[in-house]
Amino acid sequence: MAQRLALQRLLSLTPRTLHPQGPLALRASLAPHGRAFSTSAGCRSTFNVQDGSDFQDRVVNNPKPVVVDFHAQWCGPCKILGPRLEKMVAKQEGKVLMAKVDIDDHTDLAIEYEVSAVPTVLAMKNGDVVDKFVGIKDEDQLEAFLKKLIGA
């Protein structure tokens with residue numbers, strides 16, 4: 001609980017509040033030796049679900065297939081599967097997206113989609129669950145799961 005409050009306070013600060021010399025100075029201080037922070041294509045295909053309406057907009061109403069990773073911060077297998085799944089989704093080059101749902105923050109979605117253990121991964125197409133698995137998978141199994149979803 002204390003961590004969540006600290007995070008909320010940090011997120012409510014503006015860049016100028018975080019660094020007195022402004023956002024550019026903050027960026028420079030975070031990227032020493034001229035190294036810039038950038039996002040990769042993999043990050044753009046993966047997103048964290050914020051709430052129920054965000055899930056509806058970005059997952060259920062999405063024209064692209066979406067892999068939904070129901071996970072928890074305390075779950076060891078989730079920490080192994082999550083990055084592995086993100087890597088495999090990034091390899092699909094935008095043909096499929098990945099939504100990450102923390103079951104502790106979004107219990108209502110976990111209940112609605114009958115998630116009884118984590119990690120649980122759903123494959124959704126046109127708002128319908130077309131496939132799912134529970135537990136950890138290796139890269140070959142994840143690749144087959146994704147190819148089946150995108151129809152490759």
Of all the heavy-atom pairs spanning K64 and G94, show the shortest one and how long it is.
-> NZ-O, 2.8 Å
Taking every non-hydrogen atom, the tightest pair across H106 and V101 = CB-CG1, 3.8 Å
Same hydrophobic cluster for M124 and I111, using side-chain heavy-atom links shorter than 4.5 Å among ILVMFWY?
-> no
What is the distance from atom OG1 of T46 to atom CD of E86, rounded to the nearest 0.5 Å?
-> 4.5 Å
Over all atoms of both residues, closest heavy-atom pair of D51 and S53 | OD1-OG, 3.0 Å
Please check if the side chain of Q92 supplies one atom and the backbone of V89 the other of a donor-acceptor pair under 3.5 Å.
-> no
Note: K91-E143 ion pair, threshold 4.0 Å (strictly below) = no
Kindly state whether the ring of F55 and the ring of Y113 have centres lying under 6.0 angstrom apart.
-> yes
Might you work through the side chain to side chain contact (heavy atoms under 4.5 Å, CB included) test for Q50 and N48, ending with a clear yes or no?
-> CA-CA 6 Å; Q50 304 301 312; N48 290 313; 4.0 Å; yes
Min side-chain heavy-atom separation V67-V96 under 4.5 Å = yes
Aromatic rings F145 and F133: how do their planes relate, parallel, tilted or perpendicular, breaks at 30° and 60°?
-> perpendicular
Start with the C-alpha distance between K79 and H71, add both sets of side-chain angles, then the distance that settles side chain to side chain contact (heavy atoms under 4.5 Å, CB included), and finish with yes or no.
-> CA-CA 9 Å; K79 292 176 183 178; H71 68 281; over 6 Å; no
Has the side chain of R84 got a donor or acceptor atom that lies under 3.5 Å from a matching backbone atom of I136?
-> no
Give the C-alpha distance, both sets of side-chain angles, the deciding distance and a yes or no for side chain to side chain contact (heavy atoms under 4.5 Å, CB included) between L142 and D140.
-> CA-CA 5 Å; L142 294 176; D140 291 342; over 6 Å; no
Q73 and D104: side chain to side chain contact (heavy atoms under 4.5 Å, CB included), yes or no, with the steps?
-> CA-CA 8 Å; Q73 290 183 5; D104 291 327; 5.7 Å; no
Which of these passes side-chain contact (heavy atoms from CB on, under 4.5 Å) with V115: V121, V134, T120?
-> T120
Compare every heavy atom of L149 with every heavy atom of A123, then report the nearest pair and how far apart it is.
-> CB-CD1, 3.7 Å
What distance do F47 atom CZ and K100 atom NZ have between them, rounded to the nearest 0.5 Å?
-> 11.5 Å
Heavy-atom closest pair (P119 atom, D69 atom, distance to 0.1 Å) is CB-OD1, 4.3 Å
Test item: E114 side-chain N/O and E112 main-chain N/O as donor-acceptor pair under 3.5 Å = no
Could you grab the distance from atom CD of E93 to atom OG of S45, nearest 0.5 Å is fine?
-> 10.5 Å
Scanning both residues in full, the closest heavy-atom pair of G135 with L81 reads O-CD2, 3.7 Å
